[in-house]
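Down below is the structure, laid out as structure tokens.
Keep in mind that what you see is a predicted model, and the values were worked out from it rather than measured.
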Amino acid sequence: MQGKQNIIDDIIKSAKKSAETMIADAEQEKAEVEKAIAAELSAREKSAEEEAKAAADAVKSGKLKLGELEAGKIFLGYKRECVDNVYAAVKAKILKMKDAEYLAMLSRLIKEVAEDGDEIVAAKADSKRVNDAWVKKLSGSIKKKLTLSKEKGDFEAGVILKNAKYDRDLTVDEIIADLKERTEPETVKTLQL
């Protein structure tokens, strides 16, 4: 009985370590993208300031306030675009992963949340790499019965785990949305927005 518990503990420890590695990799990639975006933001900020100055010079009296507000809106739009570009770059990197790296990432995510009897709905674009053989291997490695759905998901990449109780969304869009929700304030701070 103790041996089974040790195996379960080892599996949980391994899954946590894989998740920590994946998070560290994503945060490193995010930092690299943030650095590149910060340089772009600096140039855009200068351009936005010039536009704001030109707008302010062109109008008098009450229109001056309107010009400042418009410049603020332009600058705010640039800020939003820069933050969005950070997460779009992370998504692009995931979508360009080689099969082995991509499937390893999906395996780590599925291992964290899969339940016995789950059905895996893969994206149409992933139908060649997320196949019966891969699902069977994954099922054996996590000691849970998983099956590949004949249904193909109408999403860009990733999977959805379905069972009778609820679905778990592991699509790339959901992964990026979760990352953004957890790290956006830090990203804004890093970009000095």
Which pair of non-hydrogen atoms, one from Leu161 and one from Ala114, has the smallest distance, and what is that distance? CD1-CA, 3.9 Å

Please name the pair of heavy atoms, one in Ala157 and one in Tyr102, separated by the smallest distance, quoted to 0.1 Å. CB-OH, 3.5 Å

State, to 0.1 Å, how close Ser141 and Lys111 come at their nearest heavy-atom pair, and which atoms those are. OG-CE, 3.8 Å

Looking at residues at least two apart in the chain, or sitting in another chain, which of them share a side chain to side chain donor-acceptor pair (under 3.5 Å) with Thr171? Asp169

Is the shortest side-chain heavy-atom distance between Val159 and Asp126 below 4.5 Å? no

Salt bridge (Lys or Arg N to Asp or Glu O under 4.0 Å) against Glu49, all qualifying residues, sequence neighbours excluded: none

Asp167 to Lys162 - nearest heavy-atom pair and separation: OD1-CG, 3.3 Å

Just to verify, what does Thr147 make a side chain to side chain donor-acceptor pair (under 3.5 Å) with, not counting sequence neighbours? none

The criterion is side chain to side chain donor-acceptor pair (under 3.5 Å); which residues satisfy it with Asp178, sequence neighbours excluded? Arg182

Can you tell me how far CD1 of Ile94 sits from CD of Glu156, rounded to the nearest 0.5 angstrom? 10.5 Å

Would Ile160 and Arg168 count as a side chain to side chain contact (heavy atoms under 4.5 Å, CB included) if you check the C-alpha gap in whole Å, the side-chain angles of each, and the deciding distance to 0.1 Å? CA-CA 6 Å; Ile160 293 177; Arg168 280 155 325 277; over 6 Å; no

Which distance, rounded to the nearest 0.5 Å, do you find between the CD of Glu101 and the CG of Leu106? 11.5 Å

Any chain of hydrophobic side-chain contacts (each under 4.5 Å) joining Leu109 to Val90? yes

Listed by chain and number, what are the side-chain contact (heavy atoms from CB on, under 4.5 Å) partners of Ser127, not counting sequence neighbours? Lys152

Run the salt bridge (Lys or Arg N to Asp or Glu O under 4.0 Å) test against Glu115 and tell me which residues pass, sequence neighbours left out. none

With rounding to the nearest 0.5 Å, note down the distance linking CD1 in Ile176 to CD in Glu181. 13.0 Å

Least distance between heavy atoms, Trp134 atom then Ser107 atom: CZ2-OG, 3.3 Å

Hits for side chain to side chain donor-acceptor pair (under 3.5 Å) against Thr183, two or more places apart or cross-chain, chain-then-number order -> Tyr87

Linking I/L/V/M/F/W/Y whenever any side-chain heavy atoms sit under 4.5 Å apart, do Phe155 and Met97 land together? no

Quick check: closest heavy atoms across Val121 and Ser149, and the distance to 0.1 Å? CG2-CB, 3.8 Å

Say you draw a straight line from CG of Leu148 to CD of Glu119; how long is it, rounded to the nearest 0.5 Å? 8.0 Å

Partners meeting salt bridge (Lys or Arg N to Asp or Glu O under 4.0 Å) with Asp84 (sequence neighbours left out): Arg80, Lys180

Measuring from Ile120:CD1 to Ser139:OG, what's the distance to the nearest 0.5 Å? 8.0 Å

Is any side-chain N of the basic residue among Arg129 and Asp99 closer than 4.0 Å to the acidic one's carboxylate O? yes

So, using side-chain contact (heavy atoms from CB on, under 4.5 Å) as the criterion, who are the partners of Lys137 when residues are at least two apart? none

Interatomic distance, CG@Leu138 vs NZ@Lys136, rounded to 0.5 Å, equals 13.0 Å

Partners meeting salt bridge (Lys or Arg N to Asp or Glu O under 4.0 Å) with Asp173 (sequence neighbours left out): Lys91

